[in-house]
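The analysis underlying the following values was restricted to heavy atoms, covering all of them including side chains, and did not include hydrogens, waters or symmetry mates. Just so you know, residue 1 is the first one in the sequence shown, and it goes up from there.
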Amino acid sequence: MFKSNNCVAIHLEDITAAENFYTNVMKFKLLTRSEAQLEYDTGHFLLYVNRDLNTQPPIPSFTVKNIEEARRFLLENGCVILREDKRSLYFRDPFGITYDIIEGK
């Protein structure tokens, strides 16, 4: 049901400092930049740096065919939905780890 989409997101308050670090120190290739998000090619996965007031550890991302079906399945199995929109959601598993799932093909 869940398939890795080779994306990881992190949430940080200071996106300018993050851009400096991931571009100049880590030497990741910056693909896109907005006031709210940076997208990097790290070589093996895409790294999304999101501006957020709450810093969070890396959040792996997965693709599912049906977001509503996945949502119900996660809830039935002890997960907590943290945030969601029409085609994606963040959830916390029973062990406290946060994941992102996105509806795709």
Side-chain angles (χ1 to χ4, degrees):
M1 176 184 280
F2 299 87
K3 183 177 180 181
S4 174
N5 56 24
N6 298 318
C7 298
V8 174
I10 57 175
H11 293 252
L12 305 170
E13 188 172 346
D14 189 342
I15 203 160
T16 302
E19 181 176 11
N20 180 56
F21 180 79
Y22 292 109
T23 302
N24 299 317
V25 176
M26 299 298 290
K27 304 292 188 195
F28 294 154
K29 180 181 177 185
L30 182 62
L31 300 175
T32 61
R33 183 190 198 294
S34 71
E35 289 186 22
Q37 184 180 71
L38 306 169
E39 178 186 9
Y40 286 98
D41 180 350
T42 69
H44 289 286
F45 61 89
L46 295 177
L47 175 66
Y48 291 89
V49 181
N50 299 302
R51 181 188 309 265
D52 197 328
L53 294 177
N54 300 310
T55 298
Q56 297 182 35
I59 301 170
S61 184
F62 297 88
T63 301
V64 295
K65 289 184 180 179
N66 183 306
I67 196 76
E68 280 303 313
E69 182 181 313
R71 182 183 190 283
R72 282 191 301 276
F73 184 75
L74 292 167
L75 289 172
E76 289 169 1
N77 286 281
C79 297
V80 175
I81 307 303
L82 302 172
R83 68 170 113 171
E84 61 186 308
D85 62 27
K86 205 170 198 177
R87 295 189 59 228
S88 68
L89 62 83
Y90 273 19
F91 73 94
R92 185 174 50 238
D93 71 13
F95 312 102
I97 308 299
T98 299
Y99 298 90
D100 174 34
I101 58 171
I102 300 169
E103 186 175 75
K105 295 179 181 184

Is there side-chain contact between [X] and [Y], with at least one heavy-atom pair below 4.5 Å?
{"X": "Val80", "Y": "Phe91", "result": "no"}
{"X": "Phe73", "Y": "Met1", "result": "yes"}
{"X": "Ser61", "Y": "Ile102", "result": "yes"}
{"X": "Thr32", "Y": "Leu38", "result": "no"}
{"X": "Leu12", "Y": "Val49", "result": "yes"}
{"X": "Pro94", "Y": "Cys79", "result": "yes"}
{"X": "Ile101", "Y": "Ile67", "result": "yes"}

Could you state whether [X] and [Y] fall into the same hydrophobic cluster, counting links through intermediate Ile, Leu, Val, Met, Phe, Trp or Tyr residues with side-chain heavy atoms under 4.5 angstrom apart?
{"X": "Ile15", "Y": "Met26", "value": "yes"}
{"X": "Ile59", "Y": "Leu82", "value": "yes"}
{"X": "Ile10", "Y": "Leu31", "value": "no"}
{"X": "Phe45", "Y": "Ile97", "value": "no"}

* Are His11 and Tyr90 an aromatic pair by the rule of ring centers under 6.0 Å? -> yes
* To do: Would you give the length of the straight line joining atom CG of Leu46 to atom CG of Asn5, rounded to the nearest 0.5 angstrom?
  =>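 One gets 8.5 Å once the value is rounded to the nearest 0.5 Å.
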* Distance from Thr23 atom OG1 to Lys29 atom NZ, nearest 0.5 Å? ->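 Separation between the atoms: 12.0 Å.
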* **salt bridge (Lys or Arg N to Asp or Glu O under 4.0 Å) contacts touching residues 73-88 (sequence neighbours left out)** =>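 Qualifying pairs, neighbours excluded: Asp52-Arg83, Arg71-Glu84, Arg87-Glu103.
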What heavy-atom pair brings [X] and [Y] nearest, and what distance separates the two atoms?
{"X": "Thr55", "Y": "Glu13", "value": "OG1-N, 4.1 Å"}
{"X": "Cys7", "Y": "Tyr48", "value": "SG-CE1, 3.8 Å"}
{"X": "Ser88", "Y": "Asp100", "value": "CB-OD1, 4.4 Å"}

* Could you tell me how the ring of Phe2 sits relative to the ring of Phe62: parallel (under 30°), tilted (30 to 60°) or perpendicular (over 60°)? => perpendicular
* **Whether Tyr22 and Phe28 hold their rings parallel, tilted or perpendicular, with breakpoints at 30° and 60°** =>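 Rings of Tyr22 and Phe28: parallel, under 30°.
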* **By side-chain hydrogen bond (donor to acceptor under 3.5 Å, both in side chains) - contacts of Thr98 (at least two apart)** =>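 Counting only residues at least two positions away or on another chain, Thr98 forms no side-chain hydrogen bond (donor to acceptor under 3.5 Å, both in side chains).
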* Mind checking salt bridge (Lys or Arg N to Asp or Glu O under 4.0 Å) for Arg33 and listing every partner two or more places apart, or none if nothing turns up? => Glu19
